[in-house]
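Following: one structure in structure tokens, then a few remarks.
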Amino acid sequence: MAVAQAKDNLKSLETEKKVNGKKDDEPLQDVDLITLEDIKEQIKYIEKTVSTKEPHYMSRVIRSLVRIKKKLNTNVLIRLVEGYYPNPCQQKTYFLKILPEAMETDITVSPFRPRSAKSNSPLLPEVEVYLHLLLLIFLLGHHHDKQVMECSDL
């Protein structure tokens with residue numbers, strides 16, 4: 001009886017997927033977009049901290065690292081680097097060199113453009129440190145010890 005009920009549940013899930021038109025990789029992209037938007041919001045708080053000199057915004061960013069750490073992956077980091085660093089930039093090539101799978105994967109998703117209005121202005125040092133910290137957290141969490149040593153020497 002339980003097997004028949006499980007089969008019915010599986011059939012209803014399959015028909016629901018067909019009706020919604022979703023593929024298996026779409027939820028992953030949604031999680032990546034949500035993570036990118038979370039990081040974009042945290043970077044806005046960093047910029048607000050710099051402009052207003054109020055430290056409580058920065059503490060909010062630090063508290064959110066636990067939540068963001070769980071959602072970090074190579075695709076998110078590549079899109080962050082592509083979105084925040086300008087094209088001819090030494091830090092951008094450094095980040096892409098350090099990421100373990102960056103050279104092997106092609107970015108087929110639409111580029112993340114968080115800085116459309118400020119693309120000519122230089123990146124704040126605090127934002128660079130935050131992006132560097134996210135890279136270190138990702139590398140530590142995935143046990144890429146050689147890349148962690150290279151990244152921490154910067």
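No hydrogens, no waters, no symmetry mates; every other heavy atom, side chains included, goes into these values.
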### Query
What pairs with R67 under salt bridge (charged side-chain N to carboxylate O under 4.0 Å, His left out), at least two apart in sequence or on another chain?
D38

### Message
With rounding to the nearest 0.5 angstrom, report the CD1 to CD1 distance, I68 to I137.
### Response
9.0 Å

### Query
How would you list, by chain and number, every residue that makes a side-chain contact (heavy atoms from CB on, under 4.5 Å) with E54, sequence neighbours excluded?
T52, H56, Y57

### Summary
Taken in chain and number order and not counting sequence neighbours, the residues that satisfy side-chain hydrogen bond (donor to acceptor under 3.5 Å, both in side chains) with S64 are Q42

### Query
Does the side chain of L139 come within less than 4.5 Å of M149's, by heavy atoms?
no

#### Entry: Set of residues satisfying side-chain hydrogen bond (donor to acceptor under 3.5 Å, both in side chains) with respect to K92, sequence neighbours excluded
E82, N87

### Sequence neighbours excluded, every pair satisfying side chain to side chain donor-acceptor pair (under 3.5 Å) that has a member inside residues 137-148
none

### Task
Using a 4.5 Å cut-off on heavy atoms from C-beta on, say whether the side chain of Q91 contacts that of Y84.
no

### Query
What pairs with K48 under salt bridge (charged side-chain N to carboxylate O under 4.0 Å, His left out), at least two apart in sequence or on another chain?
none

### Summary
Residue set satisfying side-chain hydrogen bond (donor to acceptor under 3.5 Å, both in side chains) with Y130, at least two apart, ordered chain then number -> none

### Message
Using side-chain heavy atoms (C-beta onward) and a distance below 4.5 Å, is L133 in contact with L65?
### Response
yes

### Message
Using side-chain heavy atoms (C-beta onward) and a distance below 4.5 Å, is E41 in contact with K44?
### Response
no

### Task
Answer yes if V61 and I34 sit in the same cluster of Ile, Leu, Val, Met, Phe, Trp and Tyr residues linked by side chain heavy atoms under 4.5 Å apart, and no otherwise.
no

### Query
Please walk me through it: do I43 and E47 pass side-chain contact (heavy atoms from CB on, under 4.5 Å)?
CA-CA 6 Å; I43 289 175; E47 291 170 347; 4.0 Å; yes

### Query
By side-chain contact (heavy atoms from CB on, under 4.5 Å), which residues pair with V50, not counting sequence neighbours?
L124, E126

### Query
Transitively linked via ILVMFWY side-chain contacts under 4.5 Å: V129 with L135?
no

### Query
Taking only residues two or more places apart in sequence or in another chain, which ones pass side-chain contact (heavy atoms from CB on, under 4.5 Å) with T35?
V31, I39, K71, V76

### Query
Do the rings of F95 and Y85 sit parallel, tilted or perpendicular, given the 30° and 60° boundaries?
tilted

### Spatial distance of atom NZ (K40) from atom CG (L36) [nearest 0.5 Å]
10.0 Å

### Query
Quick one: which of T74, L80, V81 gives a side-chain contact (heavy atoms from CB on, under 4.5 Å) with I78?
T74

